[in-house]
4 protein chains.
Amino acid sequence: MPRKPADQTVSRDDILQAAARVFHHQGYHGATMQDISAAVGLTAGSLYHHFKGGKDAILVAVLEAGLDQVMADVQAITEMSLDPPEKLRRAIQAHVQSVTDHVAVAALMIFEMRTTLSLPEVPQRYLAQRDQFEGLYRQIIREGIETGCFRPVDVGVFTRTLLGASNWVSVWYRPEGRLSGAAIADQIADIFLNALLPR
Amino acid sequence: MPRKPADQTVSRDDILQAAARVFHHQGYHGATMQDISAAVGLTAGSLYHHFKGGKDAILVAVLEAGLDQVMADVQAITEMSLDPPEKLRRAIQAHVQSVTDHVAVAALMIFEMRTTLSLPEVPQRYLAQRDQFEGLYRQIIREGIETGCFRPVDVGVFTRTLLGASNWVSVWYRPEGRLSGAAIADQIADIFLNALLPR
Amino acid sequence: MPRKPADQTVSRDDILQAAARVFHHQGYHGATMQDISAAVGLTAGSLYHHFKGGKDAILVAVLEAGLDQVMADVQAITEMSLDPPEKLRRAIQAHVQSVTDHVAVAALMIFEMRTTLSLPEVPQRYLAQRDQFEGLYRQIIREGIETGCFRPVDVGVFTRTLLGASNWVSVWYRPEGRLSGAAIADQIADIFLNALLPR
Amino acid sequence: MPRKPADQTVSRDDILQAAARVFHHQGYHGATMQDISAAVGLTAGSLYHHFKGGKDAILVAVLEAGLDQVMADVQAITEMSLDPPEKLRRAIQAHVQSVTDHVAVAALMIFEMRTTLSLPEVPQRYLAQRDQFEGLYRQIIREGIETGCFRPVDVGVFTRTLLGASNWVSVWYRPEGRLSGAAIADQIADIFLNALLPR
DNA sequence: CATGAATGAGAGTTCATTCAT
DNA sequence: GATGAATGAACTCTCATTCAT
């Protein structure tokens with residue numbers, strides 16, 4: 001018994017976006033398929049027509065899409081011919097702005113990363129890409145130290161400190177807040193650049 | 001890591017520790033009352049003799065205990081008569097070491113903070129304490145800027161950047177890793193102190 | 001085994017055959033409307049243009065067609081003027097060969113006969129025809145006993161024993177096996193004829 | 001919110017018996033966990049306390065228990081020192097009576113044997129035991145032919161014919177019917193013994 | 001005729017929680 | 001205090017079926 005003369009057909013991307021929102025508000029476990037389907041104007045059963053894999057698959061798809069995007073942004077910067085400080089600054093800015101622009105997805109990457117994703121086999125690719133992303137930062141920092149632009153620091157610790165701080169923005173950023181995403185991005189870039197300044 | 005003092009009566013603290021471990025491994029939602037009770041040598045039903053409130057209450061208790069502890073450590077430092085840089089360094093060191101010493105609990109503070117805790121009414125006190133904790137850092141930084149020890153930065157952004165980085169340690173720290181908790185703590189303190197150095 | 005006459009219009013019989021195959025492989029409940037429609041080159045919804053009654057109706061149609069056919073074969077034989085032993089032999093041969101020639105349908109008659117068909121009202125006619133089919137055998141045997149060709153046996157038990165054995169062929173017959181359908185049919189006829197031999 | 005001061009504790013065997021009944025009446029797919037649990041005086045969820053494996057596991061357990069039992073009965077007879085005709089007679093009698101005594105389970109062995117059991121990996125053992133059971137009959141018949149007690153027949157076809165007929169009893173036997181299980185068993189044994197009589 | 005989007009009912013399962021013993 | 005049987009609510013997922021296009 002169908003109904004709904006359909007305002008518009010539902011696309012796979014509509015679902016991904018709705019799911020990101022719902023997951024963000026209620027958490028993966030707190031969100032039901034009903035919540036997600038309602039957010040896109042369907043009933044729970046109908047979701048499975050558009051998205052074969054079920055709840056897990058939706059989460060993974062959301063995360064992969066999100067990561068693909070930041071990854072692309074940051075990678076583009078690493079391939080520019082800039083000196084390490086400038087490269088790092090722009091990378092951080094791009095990264096943080098990406099976080100503020102897509103808080104829902106960014107938050108998911110943090111909060112559903114561990115237990116939700118550790119069981120299945122699917123997201124192996126996702127985790128690999130995460131490491132690769134971290135590698136981009138490590139590379140810039142290593143270069144900067146070698147060329148003397150940066151003072152010597154433990155690359156591993158520094159990179160993760162930087163990543164933790166940047167990701168964390170998704171926890172406290174509020175679109176209606178005092179500072180714009182860009183402003184925050186600048187500030188954070190500034191903090192870490194200063195931290196690397198040779199004395 | 002002793003599990004059970006063997007045939008001894010089970011204390012409330014035994015449960016808290018076991019729960020922290022189980023929650024850390026499987027996540028709050030992935031952990032069943034059975035898992036927790038088994039980890040402490042009881043059956044699920046018996047847990048309710050110790051924790052009236054059930055699963056939620058256990059999580060909140062774990063988190064509150066954890067936060068109380070870090071809070072005490074850091075607060076003690078803020079009350080010492082030290083100059084802001086030294087105070088900040090010691091605070092960060094204490095904080096990060098607390099994270100590495102109790103990774104399970106620290107990780108829970110991050111991962112179960114949002115959706116798990118947003119529904120009930122109980123943890124209002126917990127959230128308040130979190131803010132208070134953040135306030136300790138803000139205070140130090142503000143002081144440092146006013147006295148000219150630190151270069152001027154946006155206190156809000158800086159504090160959260162610092163907190164994000166410190167909390168994030170619970171995600172990547174491995175006891176058997178290359179660096180000790182103390183070493184990591186030193187490095188992170190170093191990074192943020194440098195970031196505040198007036199030019 | 002042709003599946004689809006390629007781009008030709010789909011006939012009601014195509015569906016019946018495909019359905020028989022699919023039901024046989026996966027069982028009635030294990031087979032979805034998609035499976036059936038795919039086997040005939042349609043989408044699920046389109047099946048309803050051909051079979052108003054849905055899945056149930058398809059099964060019933062398959063079974064009725066199958067039963068009609070065996071029924072006709074066996075009935076033709078009963079109407080010949082042969083002595084009971086010869087009549088029985090030919091009936092069994094026809095029946096068993098019909099089973100080996102249409103294993104899928106024959107198996108359905110066994111496996112979906114009970115629970116699947118007991119609920120609805122439709123197949124009343126089908127069940128009546130089954131009884132009638134059994135009656136054909138009973139008649140031959142009764143005649144044989146009365147004329148002294150067969151030793152006296154309990155007609156009811158004997159008939160059902162015979163039917164059980166013949167139907168059961170659909171369970172173990174393999175087209176690529178050691179014995180042809182005809183050979184098996186001969187053997188089984190032989191067994192039951194011998195069983196009826198007066199001592 | 002438990003209720004039920006419990007007339008008696010529910011045993012694993014209670015469940016198996018209830019399940020056999022329910023499966024028999026409604027078929028495996030037609031039976032819900034609610035039906036089964038209700039038949040034993042529980043709610044659906046409670047079944048999982050007593051039977052970890054779910055619906056599949058229940059069916060398999062029912063079947064295995066059933067097969068174990070017939071197997072034991074028949075095997076005991078094959079080990080007696082009797083001449084082949086007597087051995088076969090008693091085996092058939094035991095088998096058929098076992099069928100009439102446990103119609104529900106016997107019917108399940110037929111009707112849920114194929115599609116229901118073909119998917120999982122568990123019942124491999126069950127299927128193996130089925131073959132072994134068939135082997136018992138084959139052995140007796142082979143012996144009888146070799147010793148000249150039986151006329152030569154195709155052992156494979158004969159055995160399956162015999163098994164089909166015996167199993168089929170579960171389809172038409174009615175406890176309240178004209179003939180007792182024992183009487184039916186005698187008749188069927190009689191039929192097949194006669195069929196093997198050397199001319 | 002055929003499609004495919006959509007539905008809605010229902011099934012199996014899991015689990016926090018309770019309470020008599 | 002501890003147990004374990006029992007509950008019941010929820011949730012994910014499947015599928016026959018319908019209907020606008």
Side-chain angles (χ1 to χ4, degrees), chain A residues 1-6 8-11 29-37 40-58, chain B residues 9-11 28-37 40-58, chain C residues 9-10 28-37 40-58, chain D residues 1-6 8-11 28-37 40-58:
Chain A
M1 292 146 196
R3 206 155 301 164
K4 203 194 180 207
Q8 208 70 29
T9 300
V10 172
S11 79
H29 285 105
T32 72
M33 288 301 271
Q34 270 230 42
D35 294 332
I36 299 173
S37 57
V40 74
L42 291 176
T43 60
S46 305
L47 268 192
Y48 291 83
H49 269 284
H50 300 275
F51 221 104
K52 283 289 135 49
K55 205 179 169 190
D56 292 359
I58 294 180
Chain B
T9 303
V10 172
S11 80
Y28 177 78
H29 285 104
T32 71
M33 288 299 271
Q34 268 232 45
D35 293 333
I36 300 173
S37 58
V40 74
L42 291 176
T43 60
S46 305
L47 278 189
Y48 290 81
H49 288 294
H50 299 271
F51 277 90
K52 286 285 143 48
K55 206 179 168 189
D56 290 358
I58 295 180
Chain C
T9 303
V10 172
Y28 177 77
H29 285 104
T32 71
M33 289 297 271
Q34 267 232 46
D35 293 332
I36 300 173
S37 58
V40 74
L42 290 176
T43 60
S46 306
L47 278 189
Y48 290 82
H49 289 292
H50 301 269
F51 278 91
K52 286 284 143 49
K55 206 179 168 189
D56 291 357
I58 295 181
Chain D
M1 290 146 196
R3 204 157 302 164
K4 201 192 178 208
Q8 209 70 28
T9 300
V10 171
S11 79
Y28 176 77
H29 286 104
T32 71
M33 288 300 272
Q34 270 231 43
D35 295 331
I36 300 174
S37 58
V40 75
L42 290 177
T43 60
S46 305
L47 269 192
Y48 291 83
H49 270 283
H50 300 275
F51 222 104
K52 284 289 136 50
K55 206 179 169 191
D56 290 359
I58 293 181

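Chain letters run A, B, ... following the sequence lines, proteins first and then strands; every chain starts at 1.
Atom CD1 in B:Ile36 sits roughly 12 Å away from atom P in E:dC15 (whole-Å rounding). For the pair A:Lys52 NZ and F:dT14 C1', the computed distance is 12 Å after rounding to whole Å. Between the C1' atom of E:dT7 and the CD atom of A:Gln34 lies a distance of 12 Å, rounded to the nearest Å. F:dG8 atom P lies 17 Å from atom CE of D:Met33, rounded to whole Å. Atoms CZ (A:Phe51) and C1' (F:dC13) sit 15 Å apart, rounded to a whole Å. Here F:dG4 presents its C1' atom at 13 Å from CG of B:Leu42, a figure rounded to the nearest Å. The separation between B:His29 atom NE2 and F:dT12 atom P is 11 Å, rounded to whole Å.
Closest approach of B:Ser37 and B:Ala44 over heavy atoms only: OG-N, 3.3 Å.
Within the nucleic acid shown, C:Ala57 has no heavy atom closer than 4.0 Å to any nucleic acid atom.
Nearest-nucleotide mapping onto DNA chain F: of A:Gly30 and C:Gly53, the residue sitting toward the 5' end is A:Gly30.
For C:Thr32, the side-chain atoms get nearest to F:dA16 when compared with the rest of E:dA16, F:dT12, F:dA16. Counting only heavy atoms from C-beta on, D:Lys55 has its side chain closest to E:dT13 among F:dT12, E:dT13, F:dA16.
Among the candidates B:Met33, B:Lys52, B:Lys55, B:Gln34, the single residue satisfying the side chain to side chain contact (heavy atoms under 4.5 Å, CB included) test with B:Leu47 is B:Met33.
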Starting at the 5' end of DNA chain E, write a dot or bracket for each base, bracketing those in Watson-Crick or G-U wobble pairs whose two distances are under 3.5 Å and using | for partners on another strand. .||||||||||||||||||||
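A distance of 10.0 Å separates CD1 of A:Ile36 from CZ of A:Phe51, quoted to the nearest 0.5 Å.
Here the side chains of D:Asp56 and D:Tyr28 are in contact, with some heavy-atom distance below 4.5 Å.
For the segment residues 43-50 of chain D, residues with any heavy atom less than 4.0 angstrom from an atom of DNA chain E are, sorted by number, D:Gly45, D:Tyr48.
Residue pairs that meet the side-chain hydrogen bond (donor to acceptor under 3.5 Å, both in side chains) test with at least one member in residues 40-50 of chain C, sequence neighbours left out, are C:Thr43-C:Ser46.
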